[in-house]
Amino acid sequence: MTAEVIVDIAHGEVDRIFEYRAIGGVCEGSRVKVPFGNRVVDGFVMRLKRNSDFDAAKLKSILSVVDEVPALCAECLSLAEQISVRYRCPKALVLRLFLPGEMRKGAVRELYKTYVLLKDGAFEPAARAKAQAAALAFLRENGKYGYTELCGRFGRSAVGALVEKGAAELTKERVIRSPYVAVSGAGAEHTLTAGQKSAVESIGRSDKTVQLLHGVTGSGKTEIYLTLIADQLQKGKSAIFLVPEISLTPQMLSQLRARFGPQAAILHSGLSAGERFDEWWRLRMGEAKIAVGARSAVFAPVENIGVIILDEEHDGSYFSESNPRYSTLEIAKMRAEYNGCKLVAGSATPSVETYLKATQGEYNLIRLPERINRKPMPEIAIADMRREVRRGNNSAFSAALREELAECLEQKKQAILFLNRRGYAQSVVCRECGYVAKCEACDVSLTYHSEENCLKCHYCGAQYRMLSACPECGGVHLSYTGTGTQKIVGELKKMFPSARILRMDNDTTSGKEGHYKILKQFADRKADILVGTQMIAKGHDFPAVTLVGILDADMSLHFSDYRSGERTFQLITQVAGRSGRAEEQGKVVLQTYDPENYILRFAIRYDYEGFFRHEISLRKSTAFPPFAKIVRVMVTASEDADALEALRAVYFALKEIYEAHREDFLFFNKMKSPIKKIQNKFRYQVLMRVKNDALLPEIYEKALACPVRGALVYIEENPANLS
């Protein structure tokens, strides 16, 4: 028997099948150890066949099988080949997506614990052996007990004597490292409203793979998801539930555990290596049937999938920013088609591309235009910050927001304040010479963090001591520009000294339970105000929140990105939706320096249809996605000269395509990346706008085939972030 193996080396030169003689225990999908050149490497068995295409006598043999059960199922192998072709990347790189990183590296394994088990018999220790007698009495009262803990109570020699004399025995048992053990929820079944029933029935009747559930915030989309999952579990099938932020996983896990118990397993990068390993194997062995997590959970090792849920489908975090640069929606659709199941994408503010496909009939469109409690959406009041400045108010809070906060606190309600910038100040500037403190590894300004009194780079994570004087001119007059969440919390404490305030951003949510602890405190009414970045903007349901403040609605409005208007509309709608989700009417104060902007006008009316019509018309007239495709070929290198050399090679190779098909190009040029350096890598790009998708294979082929000494070349289609 011959095994076709992909070696676990992510390089184009070895991205092909290597044949080895199979040994006992090898199956398709097995991880194996194989000789490769003068070393031993890991590999993945893609296929088994009876006869080799090569001289059997010259074939090397597989050395060993890593796992008793094949790590990769047939669907994973098929999907890996499909993804490799679609995103033009080595198969080994794709296959790694299906495994926890620590497991692939052999850095984690099953955890076993030793227990002391009382044996039948009438053994009694000698009168002088008091520790033995106490340990024996303890075991008789408590039954099986941990060996380490028992030795800690009564001494290792006493416990060892009981085992030696046959009164007890040692046994090893597998310990499942379960994350979020404190997360639980009420298991009450909910009766679907007429609108929810209609949505479930529409999804069941539809012959389309993708179902777009367009429901306003608070319209009960989650209950529809849970009903669909329950239906599939009853049929013996499994499910994948994807959320855009790690911060949303505990809340969703709570609801899934309440309804389905241990059948729900969680997968995301915030778990410890052991927890991720155990949860992954629970799914692989079928002990758990529901995989819930952020983007990477789309590769969960579940089989016989009955439904895939993609909540908040519009979110930019569903696009990978490392190779392979995949769209989660696209991968989920591949899995849905393989399993013949439905992919249900839900959002109050669907992406323009997705909604267009739904209105054109490619996807099934289901609308939920009302909140489940039939309460109106919270009223959004605009605070014109230009007037505030003219009145002498230079703080981050308008008079209207201060008044609403005071009233909210007086009524013992809760408020959420949204600002999509962490830290204390966006940058530190010398007022004498104009010097701006920048990261040495990245071409970006450093953010001041007051609590640690340091400067941080939000791209590479580097930290620097706070400046006491300007390094350029020696001046001591340093000013802070821009406002971050730290500064907002400081101002709130001055305005409302008795208010209990929580902050939720990347600086306060370290550790796998960082998000959960903050959200639970707020849900348990142990805080009055929650200040946070976009991780608080969507999905959360706090019944006592009656006020939302959007401190800088313009922040994402004027980026040089064709999606800036869409992102602004989505953020405002999502954040506003956190208010008034229970019985009381919610309020939203939206602070802006551009109150007449059409995006904001659509947002305050929750007019998604109007926004979509305007946006799609604009994109069509300017030939931006989805009416053309933006392709970015990025070149990075540690040396500027190497990056430039690679850029020239890529540019002139692609220029041949451009010259031959000028009518299919709306734009074609080479340039520096907007952020020229990140993590000590110089960055250049060839940017193009293409009308004809048929040119993409040739673009990939020519760009990736260029000589790139010391440089990395990668390609993005309609990149989520153009910086």
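Only a predicted model underlies this, so the values are computations on that prediction, with no experimental measurement involved.
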Problem set entry | Test side chain to side chain contact (heavy atoms under 4.5 Å, CB included) applied to Y562 and N718, step by step | CA-CA 10 Å; Y562 72 96; N718 294 339; 3.9 Å; yes

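- Interatomic distance, L712 CG to Y714 OH, rounded to the nearest 0.5 Å: 7.5 Å.
- Salt bridge annotation for R503-E451: present, with a cationic side-chain nitrogen under 4.0 angstrom from a carboxylate oxygen.
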Problem set entry | Test side chain to side chain donor-acceptor pair (under 3.5 Å) applied to Q486 and S450, step by step | CA-CA 7 Å; Q486 276 188 7; S450 60; 2.9 Å; yes

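- Under a 3.5 Å cut-off, the side chain of R421 and the backbone N or O of G482 do not form any donor-acceptor pair.
- Side-chain atoms of V588 and V575, non-hydrogen and from C-beta on, never get closer than 4.5 Å to each other.
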Problem set entry | side chain to side chain contact (heavy atoms under 4.5 Å, CB included) assessment of Q463 paired with C457 | CA-CA 7 Å; Q463 293 191 27; C457 175; over 6 Å; no

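- To the nearest 0.5 Å, atoms SG (C433) and OH (Y435) are separated by 9.0 Å.
- Taking 4.0 Å as the cut-off between side-chain N and carboxylate O, E491 and K494 do not count as a salt-bridged pair.
- A donor-acceptor contact closer than 3.5 angstrom is absent between the side chains of Y593 and D552.
- Considering every non-hydrogen atom in both A332 and I308, the closest pair reads O-CD1, 3.5 Å.
- Residue R601 qualifies as enclosed at atom CZ: its count of foreign heavy atoms under 6.0 Å is above 12.
- In this structure, the side chain of D505 engages the main chain of T508 through a donor-acceptor pair within 3.5 Å.
- Taking every heavy atom of both residues into account, L478 and S468 meet most closely at CD1-C, 4.4 Å.
- In summary, K221 and D311 do not engage in a salt bridge, as defined by a charged side-chain N under 4.0 Å from a carboxylate O.
- With 3.5 Å as the limit, one finds no donor-acceptor pair spanning the side chains of T573 and Q570.
- For L267 against A297, the heavy-atom pair with the smallest separation is O-CB, 4.0 Å.
- Salt bridge R563/D561: absent, no basic N to carboxylate O contact under 4.0 Å.
- Separation of the Y326 and F299 ring centroids falls under the 6.0 Å cut-off.
- Of the N and O atoms on the side chains of D594 and T592, not one donor lies less than 3.5 Å from an acceptor on the other residue.
- Taking all atoms of both residues into account, the shortest heavy-atom contact from S327 to F319 is CB-CE2, 3.8 Å.
- Distance check: T636 OG1 to I678 CD1 gives 10.0 Å after rounding to the nearest 0.5 Å.
- None of L600, L590, I550 except one satisfies the side chain to side chain contact (heavy atoms under 4.5 Å, CB included) rule with I380; the exception is L590.
- Atom NZ of K456 sits in a crowded spot, with more than 12 heavy atoms from other residues, nucleotides or ligands closer than 6.0 Å.
- With rounding to the nearest 0.5 Å, the separation of CE in M535 from OG in S317 is 11.0 Å.
- Counting only N and O atoms by type, the side chains of T533 and N420 include no donor and acceptor under 3.5 Å apart.
- For R581 (side chain) and V545 (main-chain N/O), no donor-acceptor pair under 3.5 Å exists by modelled atom type.
- Look at K412 and D528 and you find no salt bridge, because none of the NZ, NE, NH1 or NH2 atoms lies under 4.0 Å from a carboxylate O.
- Under 3.5 Å, the side chains of E609 and Y355 contain a donor-acceptor pair of N or O atoms.
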For this session: In sequence, state the C-alpha distance, the side-chain angles, and the governing distance for I416 and L547, and then conclude on side chain to side chain contact (heavy atoms under 4.5 Å, CB included).
Result: CA-CA 6 Å; I416 287 177; L547 175 64; over 6 Å; no

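- A salt bridge links E615 with R619: the distance from a Lys NZ or Arg NE/NH1/NH2 to an Asp or Glu carboxylate oxygen falls below 4.0 Å.
- Annotation: E432, atom CD; neighbour count of heavy atoms from other residues, nucleotides and ligands within 6.0 Å is above 12.
- Put simply, the side chain of T328 never gets that close to the backbone of R295: no donor and acceptor are under 3.5 Å apart.
- Separating the CD atom in Q414 from the CD1 atom in I529 is a distance of 10.0 Å, to the nearest 0.5 Å.
- Atom CD of E440 is surrounded by 12 or fewer heavy atoms from other residues, nucleotides or ligands within 6.0 Å.
- Judged purely by distance below 3.5 Å, without hydrogens or angles, the side chains of T217 and Q574 never pair a donor atom with an acceptor atom.
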Exercise. Between Q251 and S254, does a side chain to side chain donor-acceptor pair (under 3.5 Å) hold up when you go through it step by step?
Worked result: CA-CA 5 Å; Q251 176 177 305; S254 170; over 6 Å; no

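- Judged purely by distance below 3.5 Å, without hydrogens or angles, the side chains of S638 and K681 pair a donor atom with an acceptor atom.
- With salt bridges taken as basic N to acidic carboxylate O contacts below 4.0 Å, one links R325 and E716.
- Separation of atoms CD1 (I599) and CZ (F611) is listed at 5.0 Å; rounding is to 0.5 Å.
- Donor-acceptor pairing under 3.5 Å is recorded for the side chains of S398 and Q591.
- Here the shortest heavy-atom pairing between I372 and G220 reads CD1-CA, 4.3 Å.
- The heavy-atom pair separating L405 from A415 by the smallest distance is CD2-CB, 3.8 Å.
- Annotation: cation-pi pair R578/F542 absent, no NZ/CZ under 6.0 Å from the ring centroid and within 45° of its normal.
- E388 places no side-chain N or O within 3.5 Å of a backbone atom of F397 that could act as its donor or acceptor partner.
- Remark: the backbone N or O of E312 is not paired with any side-chain donor or acceptor of S347 at under 3.5 angstrom.
- S579 places a side-chain N or O within 3.5 Å of a backbone atom of K587 that can act as its donor or acceptor partner.
- There is a side-chain donor-acceptor pair under 3.5 Å between E313 and T354.
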Exercise. Under the ring-ring contact (aromatic ring centres under 6.0 Å, His included) criterion, do H458 and H449 qualify, and how do the steps go?
Worked result: CA-CA 11 Å; H458 289 176; H449 288 247; 5.2 Å; yes

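- For F569 and F602, the ring centers are positioned 6.0 Å apart or more.
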Problem set entry | Derivation of the salt bridge (charged side-chain N to carboxylate O under 4.0 Å, His left out) call for R259 and E223 | CA-CA 11 Å; R259 187 74 64 90; E223 189 56 41; 2.8 Å; yes

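- Remark: side-chain polar atoms of T447 are not paired, donor with acceptor, to backbone N or O of G423 under 3.5 angstrom.
- For E102 and R276, the salt-bridge test fails: no basic side-chain N is under 4.0 Å from an acidic carboxylate O.
- Remark: the backbone N or O of G610 is paired with a side-chain donor or acceptor of D607 at under 3.5 angstrom.
- A side-chain donor-acceptor contact under 3.5 Å links R371 to the backbone of G580.
- The ring pair (Phe, Tyr, Trp, His ring centres under 6.0 Å) with Y608 is formed by just one residue from the set H614, H314, H214; it is H214.
- For the pair L310/V344, no side-chain contact is recorded, criterion being any heavy-atom separation below 4.5 Å from C-beta on.
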